[in-house]
Amino acid sequence: MAADGEEDVETVTGVALLADALRSQGVEWVFGVVGIPVTNIAPALQDAGIGYIGMRNEQAASYAASVVGYLTGRPGCCLVVTGPGLIHALPGIANAHVNCWPLLVVAGGCDQDQIGMGAFQEWPQLEDCSRCKYAVRLETLESIPFHVEKAVRSSLYGRPGPSYIEIPGNMTSDAVPITRIEQVLPCPPPPMSLADPAAVQRAVSLLRSAQRPLVIVGKGVAYAFAEHEARSLIVPRRLPFLPTPMGKGVLSDAHPLCVSPARSRALQEADVILLLGARLNWILHFGLPPRFSRDVKIIQVEICPEEFSNNVPAHLMLHGHLKPVLKQLVEEFGQWVMDRDGQWWSRLKEKIHINMNINKELASVTSLPMNFYAAYDIMKDYIPRNAVLVNEGSATMDIGRTVFLSHFPRRRLDAGSFGTMGLGCGYAIAAALIEQRKPDGQRSPVVAIQGDSAFGFSGMELETASRYQLPIVFVVMNNSGIYRGVDSETWTELNEEPELPLSLPPQVCYQEQLTTILARRSWEKEY
Ligand SMILES: Cc1ncc(C[n+]2csc(CCOP(=O)(O)OP(=O)(O)O)c2C)c(N)n1
Ligand SMILES: *[C@@H]1O[C@H](CO)[C@@H](O)[C@H](O)[C@H]1NC(C)=O
Ligand SMILES: *[C@@H]1O[C@H](CO)[C@@H](O)[C@H](O)[C@H]1NC(C)=O
Ligand SMILES: [Mg+2]
């Protein structure tokens, strides 16, 4: 019943409000699967100039969105329906949480007047998102800009992580008068706090007097875009450095100061470790003996104070943002340079030499089927130096990590801190989209090298890659199974047995399927 003059009141729909808020908070990519009640959000996003990518499963969508945060420093968004949609996105939420990456998940919820009634796809979604840094069910349309800003800010500030916004179904078709909307400013990048100068001073004098210093470069350095600062600290001082799996490329793996081939010795014998944006979790053997020296002194550079002294008491705590803290260290260090011919470097160089020769020998084995080293030795010459390499699986990933060198930061994407299988297709799609938006000449090709099991988790997303004509090369490492497979003969014998716990059928023709589905031409055209 429109009273006189009411039709003049300009209104804005909730979905337009949401799209505008996301855009103004710097969210550029949304991955999702739509349906009631979020169907009309996707076109609203596209109208607002946000890239919406329709995926085949929320799991891959949530992984894709999570890696956007790592690659760009601004959260990607995952858009899902109520109940099962949100549940399928939980892996990406957990993956972002454990990797410490920003992520925003927007889910439909059941209608506000049906909560508790057994509504369509009703599920206690907020409870499932309790690990998020911010989780809210919207109550009014007017509050959308407020909550989007808060969710994005929470995902980015401090230790990054996931945020969650639920929009009840009955709000997605509603509108409010524009006059009721308050402007919310875009949240700026996180503040860059410095470490305690006294701790910086002590850290530098400890490193200078160390017998066997080591710098560990974590993926936090890559996330902080602190590659320039890390190089300025490490290279002029000739400090040995060891990247974590995704810290690879912050400094080139081919750099003479990189001690990855002598990883075990470096960890075991170092007496002072400068730990940059990395945690002493399972990936670094908890910092404990026998993999680390019992007396090692850890200088920890961390954004999240709760992380200090986990598993090993931190000798020095440098709390702050990696970019400015690394600058502080550089300034404090002055002209000091480590002796490349000293005892520590000699021990490291000796081990590097031995281990590199072992790998060469493995690569030269010509038996069939080829071992991973031999296959990778051939493949590595075809992978451009600047490629984004998505690498998951067990042997596929572990051996890939040693054979494929990273020369640039944020170019190696693997199972990460959560050891997640099945994220490769989503990661590759997100990476390819991000590369496409870069200016000509600055784009990197995307190559996904996946185990046959890992690939299978989200293999259908090849269709997504093809639909959006993304130039991705997918390589499936066929060993018919998890860790190791069986040949056709053994498979036939085993097939009579009820259990084949690690095997996949050897006759699967990945190659045929990939070439049919893939937009190969766009790859050939661009690279
Ligand atoms: C989500 C998830 N499910 C299961 C696992 C257990 N897992 C570890 S590696 C792996 C697959 C390894 O096989 P494949 O991808 O073929 O690599 P390969 O070692 O054969 O090269 C699985 C299922 C996991 N890490 N993550
Ligand atoms: C949604 O339902 C709630 C609870 O019944 C009600 O207060 C609100 O006005 C409804 N919103 C719309 C847009 O229908
Ligand atoms: C996968 O490997 C098995 C065992 O070597 C082989 O029989 C099969 O043909 C391979 N499949 C493809 C697609 O190459
Ligand atoms: Mg396998």
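Since the model is a prediction, treat every value here as computed from it, not as a measurement. In listed order, ligands and their atoms are each counted from 1.
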(message) Report the atom name of the nearest N/O/S atom of Asp452 relative to the Mg ion (ligand 4).
(response) OD1
(request) Give me the ring orientation class for Trp101 and Tyr427: parallel if the planes are under 30° apart, tilted from 30 to 60°, perpendicular past 60°. (result) tilted
(message) Could you walk me through whether Ile181 and Val12 satisfy the side chain to side chain contact (heavy atoms under 4.5 Å, CB included) test, starting with their C-alpha distance in whole Å, then the side-chain angles of each, then the deciding distance to 0.1 Å, before giving a yes or no?
(response) CA-CA 9 Å; Ile181 308 302; Val12 56; 4.1 Å; yes
(message) Ala395 versus ligand 1: do any nitrogen or oxygen atoms come within less than 3.5 Å of each other?
(response) yes
Side chains of residues 109-118: which donor-acceptor partners sit under 3.5 Å, not counting sequence neighbours?
residue: Asp111; atom: OD1; partner: Asn170; partner atom: N; Å: 3.0
residue: Gln112; atom: NE2; partner: Glu139; partner atom: O; Å: 3.3

(request) Just go through Ser480, Gly419, Ser453, Gly456 and tell me whose heavy atom is the nearest to atom 23 (C) of ligand 1. (result) Ser453
(request) Kindly confirm or rule out an N or O of Asn170 lying under 3.5 angstrom from an N or O of ligand 2. (result) yes
(request) Measure from the Mg ion (ligand 4) to each N, O or S atom of Asn479 and report whether any distance is below 2.8 Å. (result) yes
(request) Test side chain to side chain contact (heavy atoms under 4.5 Å, CB included) on Leu138 and Met171 and set out the steps. (result) CA-CA 9 Å; Leu138 297 175; Met171 285 171 64; 3.9 Å; yes
(message) I need the nearest protein heavy-atom contact for atom 5 (O) of ligand 2: residue, atom name and distance, please.
(response) Asp113 CB, 3.1 Å
(message) Working note: Glu461 + Arg56, criterion salt bridge (Lys or Arg N to Asp or Glu O under 4.0 Å); need CA distance, chi angles, decisive distance, verdict.
(response) CA-CA 6 Å; Glu461 300 300 344; Arg56 300 298 294 257; over 6 Å; no
(request) Enumerate the atoms of ligand 1 whose separation from the nearest heavy atom of Asn479 is less than 4.0 angstrom. (result) 18 (P), 20 (O), 21 (O)
(request) Determine, using ring centers only, whether Tyr134 and Tyr164 are less than 6.0 Å apart. (result) no
(message) Strictly below 4.0 Å, N to O, side chains only: are Arg279 and Glu307 in salt-bridge contact?
(response) no
(request) Go through Phe372 and Asn479 one step at a time and tell me if the side chain to side chain contact (heavy atoms under 4.5 Å, CB included) criterion holds. (result) CA-CA 10 Å; Phe372 277 91; Asn479 61 354; 3.9 Å; yes
(message) Please tell me if atom 7 (O) of ligand 2 is touched by the protein, where touching means a protein heavy-atom distance below 4.0 Å.
(response) no
(message) Between ligand 1 and Phe455, can you find any atom pair, the residue atom being a heavy atom, that is separated by under 4.0 Å?
(response) no
(request) Have a look at Met397, Met421, Met477, Glu392 and point out the one with the heavy atom closest to atom 10 (C) of ligand 1. (result) Met421
(request) Just jot down the ligand 1 atoms closer than 4.0 angstrom to any heavy atom of Phe457, in number order. (result) 1 (C), 3 (N)
(request) For Thr396, counting its heavy atoms only, list the atoms of ligand 1 lying under 4.0 Å from any of them. (result) 17 (O), 18 (P), 21 (O)
(request) Report, in ascending order of atom number, the atoms of ligand 1 lying under 4.0 Å from any heavy atom of Gly393. (result) 15 (O), 17 (O)
